[in-house]
Amino acid sequence: MLPIKKTLDRIPGGLMLVPLFLGSLVNTLVPKLPGTLGSFTEGLATGTVPILAVWFVCLGATISLRATGTVLRKSGTLLLTKLATAWLVAVVFTALVPGGHITHGILAGLSTLALVAAMDMTNTGLYASLMNQFGTKEEAGAFVLMNIESGPLMTLLVLGSTGLASFDPVILVGLILPFVLGYALGNLDPRMRDFLGAGVQPLIPFFAFALGCGVDLTVILRTGLLGIALGLAVIVITSIPLILCDIVIGRGNGTAGIAASSTAGAAVATPQLVAAVSPQFRPMAETATSLVATSLIVTSLVVPVITALWARNAHRIPLARRRPSALAASQSAAPTTSPSAAAAEPTTSDPSRLPRA
């Protein structure tokens, strides 16, 4: 028996990245094969949008209206801070780089699309896993509202506010409708939440493979170093405001802020989805996808390490030590989830039962 799932779990973001790599391998070596085989095989290779539509319905169902004030304050603080930071980066980058896309030099391929997609979504599975170990139950439960970031909607809104993106409002409605449908079903019937929520994880490798079938492997290899730099930049740029807002507004000690400074697994699909809605982004979408995928790996590896270091030393930091120590609360019980890189979003409202991806 081959331990396929166990191996995927050991790879940071494996459930997303391995199928993405396999799809890009197919597209690079035998690009015409899916079309030649046709039927369901071609559908697997080209069905990114319909698969993601179902995924958004399932994801929407996992968000519950029943959340405590602490959870709402914490998740709202992290959500808005992450989006505001991505917006500010987009404004500055667009001002410095007309058109929002670098085409020459060592930074060739870097774009506003790649920056926003890598920064505006939090890897909520990784966040909940880390806060379940180094924080409180309320902090771990903050992932519920943060799932709203998932998908191209927030990225489109950020890009639109900078003047780079223009799109029909009707298309915007079409983007959020599956998510809203799932949200309504999940809150009308808890059994529907459990039923649809169970589909979030299994669908990830399927849309990742289809996404990879639109990416040339040489692009991934060419953008490797730049992608690593982007991942580190995501952590540095987003963690500072997240830590400050977590302490000042969220009433934490900054640990949740660092735990939220990652790139989401769903963000890898965002560049292609944005390009489908706003054609002006098509020339940069493939490179942006590769950069975001690399950023996902880097943040999945680094964020757990720095989160643990911060949690253990927060009491030595003047601003943080005035707040209740989340680590002290977590040490009263044995950790239930390893933080070794759940790169996909969670499937259940109970963070202690989150699967690793």
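This chain uses plain numbering: 1 for the first residue, then up along the sequence.
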**Student:** Taking ring-ring contact (aromatic ring centres under 6.0 Å, His included) as the definition, give me every residue that meets it alongside Phe56, ordered by chain and number, with sequence neighbours left out.
**Tutor:** none
**Student:** Could you walk me through whether Ser239 and Ser261 pass the side-chain hydrogen bond (donor to acceptor under 3.5 Å, both in side chains) check?
**Tutor:** CA-CA 5 Å; Ser239 65; Ser261 61; 4.9 Å; no
**Student:** Answer with yes or no whether the hydrophobic clustering places Leu80 together with Ile240; edges join I, L, V, M, F, W, Y residues whose side-chain heavy atoms lie under 4.5 Å apart.
**Tutor:** no
**Student:** Show the nearest heavy-atom pair for residues Arg312 and Phe134, with the distance to one decimal.
**Tutor:** NH2-CE2, 4.1 Å
**Student:** Who passes side chain to side chain donor-acceptor pair (under 3.5 Å) against Thr289, sequence neighbours left out?
**Tutor:** none
**Student:** Using 0.5 Å steps for rounding, measure from the CG atom of Asp246 to the CD1 atom of Ile243.
**Tutor:** 8.5 Å
**Student:** Side-chain heavy atoms nearer than 4.5 Å, only ILVMFWY residues, links allowed to pass through others: does that put Ile51 and Val57 together?
**Tutor:** no
**Student:** For Ser24, which residues count as a side chain to side chain donor-acceptor pair (under 3.5 Å) partner, sequence neighbours excluded?
**Tutor:** none
**Student:** Which heavy-atom pair separates Gly186 from Arg193 by the least distance, and what is that distance?
**Tutor:** O-NH2, 2.9 Å
**Student:** Ignoring hydrogens and angles, tell me if any N or O in the side chain of Ser278 forms a donor-acceptor pair with the backbone of Phe281 under 3.5 Å.
**Tutor:** no
**Student:** Quick check: closest heavy atoms across Ile228 and Val298, and the distance to 0.1 Å?
**Tutor:** CA-CG2, 3.8 Å
**Student:** Are Leu88 and Leu157 in one and the same hydrophobic cluster, where Ile, Leu, Val, Met, Phe, Trp and Tyr link if side-chain heavy atoms are under 4.5 Å apart?
**Tutor:** yes
**Student:** Check whether Asn187 reaches the backbone of Tyr183 with its side chain - one donor and one acceptor, N or O, closer than 3.5 Å.
**Tutor:** yes
